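See structure below.
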Amino acid sequence: MIVPVIRPIDRWFIDEVLPHERALLLKAQRLCGNSEDARDMVQDVFARMLATEGWAAITHPQAFMMRTLRNLAIERMRRSKIVDFRQIVDADHLGLADDAPDPQQIAEGREALEDFQQALDQLPERCRAVFVRRRIEEQPPRQIAAELNLSLSTLEKRLARAIELITRALEPRRRSDYAEADEAGETAMVE
Amino acid sequence: MTPEAAAAQWVARYALDTIDEADFEAWRNADPAHAIAFNRALAAYEAFEGQGDLASAPAPSRRGFLRAAGGGALALVLAGGGLATRAYAWSSASAPIGGHRLLRLPDGSIAALNTDSCLAWRFSDHERTLWVERGEVAIDLCPGARAILHGRDQQVALSPGRFNARLRGDTLDLLVLRGRAQAGRQPIGAFQSLLLSPDQPPLRHLSAAQVEAVIAWQQGEILFDEATLGLAVEEYNRFLTRKIIIVDPELAAIPVGGRFTSNDPAAFLRAVSMGLGVHVSVSGTAYLLTR
């Protein structure tokens with residue numbers, strides 16, 4: 001049986017799971033106190049989501065992931081000898097995250113567009129040219145190769161490089177603003 | 001090659017129609033991180049939805065955004081309607097023996113009910129009143145109107161914060177985890193606990209371990225730290241319809257400690273039986289502890 005390159009679960013993952021990454025990272029960081037472990041935990045949650053057979057039945061992926069994150073955090077706390085008390089108190093709340101869009105998420109959506117434009121502008125010119133022709137102008141690969149006088153494999157390399165750079169630029173876990181936002185969130189919590 | 005670089009390469013091949021599907025499938029299945037990296041790269045590649053969208057739409061997940069925005073509006077309407085109809089009505093919720101319930105109160109505050117507990121509330125624009133009618137309740141109070149928590153005859157003013165309130169007979173045992181409380185002229189700060197009885201209210205400072213034991217029920221657990229078997233059994237019985245009975249009174253003084261799940265006493269009874277050499281027998285209505 002041939003498995004399609006993009007399976008239904010991948011579509012679902014892109015539309016329903018990935019957009020919550022930033023929120024998950026913020027929670028994870030509050031739970032474990034450092035960004036490296038937070039990334040590991042979120043990656044763990046994502047891996048579990050992609051391995052979930054009943055994924056189509058998950059009605060609130062964000063709430064589901066927050067619960068998974070909470071369980072992972074509690075497992076971690078159990079393993080560690082010294083338990084920071086705040087973590088236990090916070091861990092309770094994760095199960096209650098609802099699907100209402102927070103203003104930050106909405107603002108984030110708008111920012112993401114600017115981020116994309118910026119990421120595109122910052123690509124090396126050779127990579128940008130093939131990306132724009134293929135993705136935005138939707139030119140056929142052979143036409144692009146012929147007009148730029150490139151072999152198909154060079155075209156592939158440049159497009160791959162463009163995609164890698166844009167992916168990196170758009171990833172919340174690599175962006176510094178999520179650490180800053182976290183501090184702001186902590187301050188807000190203290191009232 | 002890093003998984004990110006490989007993922008970008010597969011997306012490029014997919015976009016150029018040069019992908020070898022069997023090779024790709026083998027790579028994707030080799031590691032869960034590969035599937036995640038591929039989807040990240042694909043999402044980034046697709047983030048751009050055409051020139052027109054650049055001016056108007058919030059990328060990358062426009063559908064998700066619109067759905068989320070729509071859902072938000074709906075939730076607001078429902079919340080508004082709900083508040084209007086029950087502005088002056090009493091509401092209450094309870095959890096059965098062995099049960100556990102989480103509630104979102106009308107103002108967005110959160111309450112968790114422990115086994116065999118009942119909480120009532122009435123919220124208006126200028127006051128939020130909460131009644132612990134039975135059992136134990138954890139409350140996470142969000143900022144808003146003045147909040148008053150009632151026990152049997154006592155009342156305590158609460159600031160926004162997190163509290164654990166347990167009714168023991170006529171006494172209300174209030175633990176402040178975050179924020180402040182004020183009982184009469186007695187202020188209570190974080191990690192302090194006040195026993196509000198008809199008599200003089202004694203204020204206690206709790207250690208982190210003691211605080212952890214108080215709130216362990218929210219994880220479905222019971223934590224005994226330097227307790228006696230008598231206290232532990234009393235605590236456990238709150239969760240059980242079939243109660244544990246200490247037949248030989250001298251057993252009650254044995255010191256115990258440990259972490260157990262609250263809804264199943266098997267592990268606890270096993271620990272008691274093996275660790276303390278206490279004999280456990282089961283009758284139709286009770287677990288009997290004898291020497």
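Throughout, a chain's letter reflects where its sequence line sits, starting with A, and its residues are numbered from 1. Small disclaimer: the values here were computed from a predicted structure and weren't measured.
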Counting C-beta onward and ignoring hydrogens, is there a side-chain heavy-atom pair between [X] and [Y] closer than 4.5 Å?
{"X": "A:Leu50", "Y": "B:Asn39", "result": "yes"}
{"X": "B:Tyr14", "Y": "A:Ile6", "result": "yes"}
{"X": "A:Val5", "Y": "B:Glu21", "result": "yes"}

Rounded distance (nearest 0.5 Å) linking atom [atom1] of [X] with atom [atom2] of [Y]:
{"X": "A:Ile163", "Y": "B:Trp10", "atom1": "CD1", "atom2": "CH2", "result": "13.0 Å"}
{"X": "B:Leu16", "Y": "A:Arg142", "atom1": "CG", "atom2": "CZ", "result": "10.0 Å"}
{"X": "B:Leu42", "Y": "A:Thr167", "atom1": "CG", "atom2": "OG1", "result": "9.0 Å"}
{"X": "B:Thr2", "Y": "A:Glu164", "atom1": "OG1", "atom2": "CD", "result": "5.0 Å"}

Output, in order, the C-alpha distance, side-chain angles, deciding distance and verdict of side chain to side chain contact (heavy atoms under 4.5 Å, CB included) for A:Gln43 and B:Ile36. CA-CA 8 Å; A:Gln43 182 80 355; B:Ile36 296 171; 3.7 Å; yes
Less than 4.5 Å to any heavy atom of chain A: does that hold for the side chain of [X], its backbone, both, or neither?
{"X": "B:Ile19", "value": "side chain"}
{"X": "B:Gln9", "value": "both"}
{"X": "B:Ala7", "value": "neither"}

Closer than 3.5 angstrom, by distance alone: can the side chain of B:Arg40 be matched with the main-chain N or O of A:Glu171 as a donor-acceptor pair?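 Checking the backbone N and O of A:Glu171 against the side chain of B:Arg40, no donor-acceptor pair under 3.5 Å is found.
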* To do: Return yes when atom CG of A:Asp121 has more than 12 non-hydrogen atoms of other residues, nucleotides or ligands closer than 6.0 Å, and no otherwise.
  =>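 Buried by this count: over 12 neighbours within 6.0 Å.
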Got more than 12 heavy atoms from elsewhere within 6.0 Å of CZ, A:Arg7?
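Yes.
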Can you list the residues that meet the side chain to side chain donor-acceptor pair (under 3.5 Å) rule with A:Gln122, with sequence neighbours excluded?
->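 In terms of side chain to side chain donor-acceptor pair (under 3.5 Å), with neighbours along the sequence ignored, A:Gln122 is linked to no residue.
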- Interchain contact, A:Ile166 with chain B, by part (heavy-atom threshold 4.5 Å):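 When you check distances to chain B, atoms from both the backbone and side chain of A:Ile166 fall under 4.5 Å.
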Self-check item: Proximity breakdown for A:Phe46 and chain B, heavy-atom pairs closer than 4.5 Å
Solution: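 Answer is both: backbone and side chain atoms of A:Phe46 are under 4.5 Å from chain B.
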* Closest heavy-atom pair and its distance - A:Ala47, B:Pro32 ->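 Minimum heavy-atom contact is CB-CB, 3.9 Å.
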*Could you go step by step and tell me if A:Arg135 and B:Glu46 meet the salt bridge (charged side-chain N to carboxylate O under 4.0 Å, His left out) rule?*
CA-CA 8 Å; A:Arg135 177 69 190 115; B:Glu46 292 181 342; over 6 Å; no
Give every donor-acceptor pair under 3.5 Å between a side-chain atom in residues 152-159 of chain A and any protein atom, sequence neighbours left out.
unit_1: A:Thr154; atom_1: OG1; unit_2: A:Ser151; atom_2: OG; d: 2.8
unit_1: A:Glu156; atom_1: OE1; unit_2: B:Thr18; atom_2: OG1; d: 3.3
unit_1: A:Glu156; atom_1: OE2; unit_2: B:Arg13; atom_2: NE; d: 2.8
unit_1: A:Glu156; atom_1: OE2; unit_2: B:Arg13; atom_2: NH2; d: 3.4

Run the numbers on B:Arg28 and A:Asp10 for salt bridge (charged side-chain N to carboxylate O under 4.0 Å, His left out), then give the verdict. CA-CA 12 Å; B:Arg28 172 159 69 188; A:Asp10 297 316; 2.9 Å; yes
